[in-house]
**Student:** 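Quick one: this structure, given as structure tokens, is what I'll be asking you about.
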There are 2 protein chains.
Amino acid sequence: MKVSRAQMAENKAKILEEACRLFQQKGFDGVTLAEVMRSAGLTHGAFYGHFRSKEDLIAQILQHRCEKMRQSDVDLGSILDAYLSPQHCESQGTGCHIPAMAPALGPDMVHHSPEARAALTESIRVQIDRMAALAPAEAPEEQRRIAIRSWSAMVGALLLAKASDDPALAAEILAEVRAGVKTGLEG
Amino acid sequence: MKVSRAQMAENKAKILEEACRLFQQKGFDGVTLAEVMRSAGLTHGAFYGHFRSKEDLIAQILQHRCEKMRQSDVDLGSILDAYLSPQHCESQGTGCHIPAMAPALGPDMVHHSPEARAALTESIRVQIDRMAALAPAEAPEEQRRIAIRSWSAMVGALLLAKASDDPALAAEILAEVRAGVKTGLEG
DNA sequence: TGTACATCAGTGAACGCGCGTTCACTGATGTAC
DNA sequence: TGTACATCAGTGAACGCGCGTTCACTGATGTAC
């Protein structure tokens, strides 16, 4: 049953969106293609009409996300709150962006395709630049330093909070790092 | 071919060691039991003489590491250098400890057994306490804050550095966070 | 505008490989006499 | 101390399940006349 071109584009977008959400939640190996396609409301066979392989999927997701990041001028202050909130740490379903994907996909990036790695690396660069622009107006190198330290702390905090089985400890880690990063970004 | 009790204990220790090294390098799903056993110089069938399952293996490793951490009074300053050095980030083979495992295993900890999760959570607590003890002698709560922020930044930095396909960017991230943490720990 | 047909997105059964797990067997260990 | 035997750590072939991938088929789309 062929569908209209518009519908097909919509389907592909839906696959990308659902896959992104699931990878973010469970990591690359923790998600099956069948699961992705089911979430997108299709059968697994249709997958290969849109992507060459699972590896190709992750590369396209990262490229797509990186592009989106470049375009949008989000208020990082509010991202910080959302990103490091206990709710986000637990549910993760809402929103799908590089900051949230990094802890889930970073570790086994080594085994992914050059395309995927390049896209994630580029995302890291963009993220650092964006955070640097937010840092109090000192020398640019100092802004960059603050950005790198803040961003690292955010990624590490989310990872540790997710790994912890104690919600209180997780909340403490997120709160401390959120406070620390805010102080850093306010000078 | 039965082996002596001493040899058997040695074999189990070797399995734990090699598995730890491999998991740290490639993550839980990236390593097969056959690979672990081959590295330990045994055949894969022998695995179930020592562990109930792959899941049991990761739990025992984390418990073992946590215990070791509690006992040893390592100089964290030197750990910091080693941990955040570009060499360590790339090779990873040398040394096998919670700080280095956290970025590799943290993300999919959600899917592991309660035992494994508990052991890792306890390790996070121990690590925070140890770092807090190193922070300049202010109020204990302030020491703890510094420890959480520093440790998060270290974990995040290692993760981002590993994810990056650009060695220069990786080195920069590690260097900046190393410098930042040092400053924080020195007051 | 209406009809006939080629295209091709999606379906779902089937394939095949990899990996965790099992099991019958081997032969060295270590104990009982 | 020496011998006979039960134990059991390790071996390696085999199993079976899950998942990425393929493929023959379907039927709606959209184009050509």
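For the numbers below, each heavy atom of this structure counts, side chains included, while hydrogens, waters and symmetry mates do not.
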**Student:** Nearest-Å distance, NZ (B:Lys54) to P (C:dC19)?
**Tutor:** 9 Å

**Student:** Rounded to whole angstroms, how far apart are CD1 on A:Ile15 and C1' on C:dG10?
**Tutor:**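 Between C1' of C:dG10 and CD1 of A:Ile15: 10 Å.
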
**Student:** Is any side-chain heavy atom of A:Leu160 closer than 4.5 Å to one of B:Ser152?
**Tutor:**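 Yes, side chains in contact.
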
**Student:** Would you mind pulling out the nucleotide paired to D:dG27, Watson-Crick or G-U wobble, both distances under 3.5 Å?
**Tutor:** C:dC8

**Student:** For B:Arg5 and for B:Ser53, locate the closest nucleotide of DNA chain C by heavy-atom distance; then report the residue assigned to the nucleotide nearer the 5' terminus.
**Tutor:** B:Ser53

**Student:** Just checking B:Arg52: does its CZ atom have more than 12 heavy atoms from other residues, nucleotides or ligands closer to it than 6.0 angstrom?
**Tutor:** no

**Student:** What nucleotide among D:dT21, C:dT7, D:dT11 has an atom nearest to a side-chain atom of A:Lys2?
**Tutor:** C:dT7

**Student:** Should D:dA32 form a Watson-Crick or G-U wobble pair with both distances under 3.5 Å, which nucleotide is its partner?
**Tutor:**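 Pairing partner, where one exists within any strand: C:dT3.
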
**Student:** Check every atom of D:dC19, C:dG20, D:dA9 against the side chain of A:Thr32 and return the nucleotide holding the closest atom.
**Tutor:** D:dC19

**Student:** At under 4.0 Å between heavy atoms, what does A:Met8 touch on the DNA or RNA strands: base, sugar-phosphate, or nothing?
**Tutor:**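 Sugar-phosphate contact only - A:Met8 comes under 4.0 Å of backbone atoms but never of a base.
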
**Student:** Given atom CG of A:Asp29 and atom P of C:dG18, what is their separation to the nearest angstrom?
**Tutor:**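 Those two atoms, CG and P, are 15 Å apart.
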
**Student:** On DNA chain C, check which nucleotide each of B:Ala46 and A:Leu42 is closest to and give me the residue with the more 5' one.
**Tutor:** A:Leu42

**Student:** Base, sugar-phosphate, or nothing: which does A:Gly45 touch, judged by heavy atoms less than 4.0 Å apart?
**Tutor:** base

**Student:** Please compare A:Val31 and B:Ser4 by the position of their nearest nucleotide in DNA chain D and report the one closer to 5'.
**Tutor:**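 Residue closer to the 5' terminus by nearest nucleotide: B:Ser4.
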
**Student:** In whole Å, what is the span from the CD atom of A:Gln7 to the P atom of D:dT29?
**Tutor:**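 The answer, rounded to whole Å, is 10 Å.
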
**Student:** Write down the distance between CD (B:Glu10) and P (D:dG10), rounded to a whole number of angstrom.
**Tutor:**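 To the nearest whole Å, that distance equals 11 Å.
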
**Student:** Which residue, A:Leu33 or B:Gly41, contacts DNA chain D at a nucleotide closer to its 5' end, judged by nearest heavy atom?
**Tutor:** B:Gly41

**Student:** Measuring only between side-chain heavy atoms, which start at C-beta, is B:Glu17 closer than 4.5 Å to B:Cys96?
**Tutor:**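 No, every pair of side-chain atoms sits at 4.5 Å or beyond.
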
**Student:** Inspect the contact between B:Glu141 and B:Arg144 and indicate whether a charged nitrogen and a carboxylate oxygen are less than 4.0 angstrom apart.
**Tutor:** no

**Student:** Mind checking if B:Val36 touches a base, just sugar-phosphate, or nothing, with heavy atoms under 4.0 Å?
**Tutor:** nothing

**Student:** Tell me which nucleotide among C:dT22, C:dG10, C:dG27 gets nearest to the side chain of B:Tyr48.
**Tutor:** C:dT22

**Student:** In whole angstroms, how far is the P atom of C:dG10 from the CE atom of A:Met1?
**Tutor:** 11 Å

**Student:** Can you confirm whether B:His50 sits close enough to B:Gln60 that some side-chain heavy atom of one is under 4.5 Å from a side-chain heavy atom of the other?
**Tutor:** no

**Student:** Once you apply a heavy-atom cut-off of 4.0 Å, does B:His50 come out as touching a base, just sugar-phosphate, or nothing?
**Tutor:** sugar-phosphate

**Student:** Searching all strands shown, indicate the nucleotide that pairs with D:dT21 (Watson-Crick or G-U wobble; both distances under 3.5 Å).
**Tutor:**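 Paired with C:dA14.
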
**Student:** OP1, OP2 of D:dG10 versus side-chain N and O of B:Asn11: anything below 4.0 Å?
**Tutor:** yes

**Student:** Take atom CZ of A:Arg38 and atom P of D:dG18, then tell me their distance rounded to the nearest Å.
**Tutor:**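 So the CZ-P distance, A:Arg38 to D:dG18, works out to 13 Å.
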
**Student:** Below 4.0 angstrom, N of the basic side chain to O of the carboxylate: do B:Glu122 and B:Arg70 qualify?
**Tutor:** yes

**Student:** I need the CG-P distance between A:Leu22 and D:dG20, as an integer number of Å.
**Tutor:** 12 Å

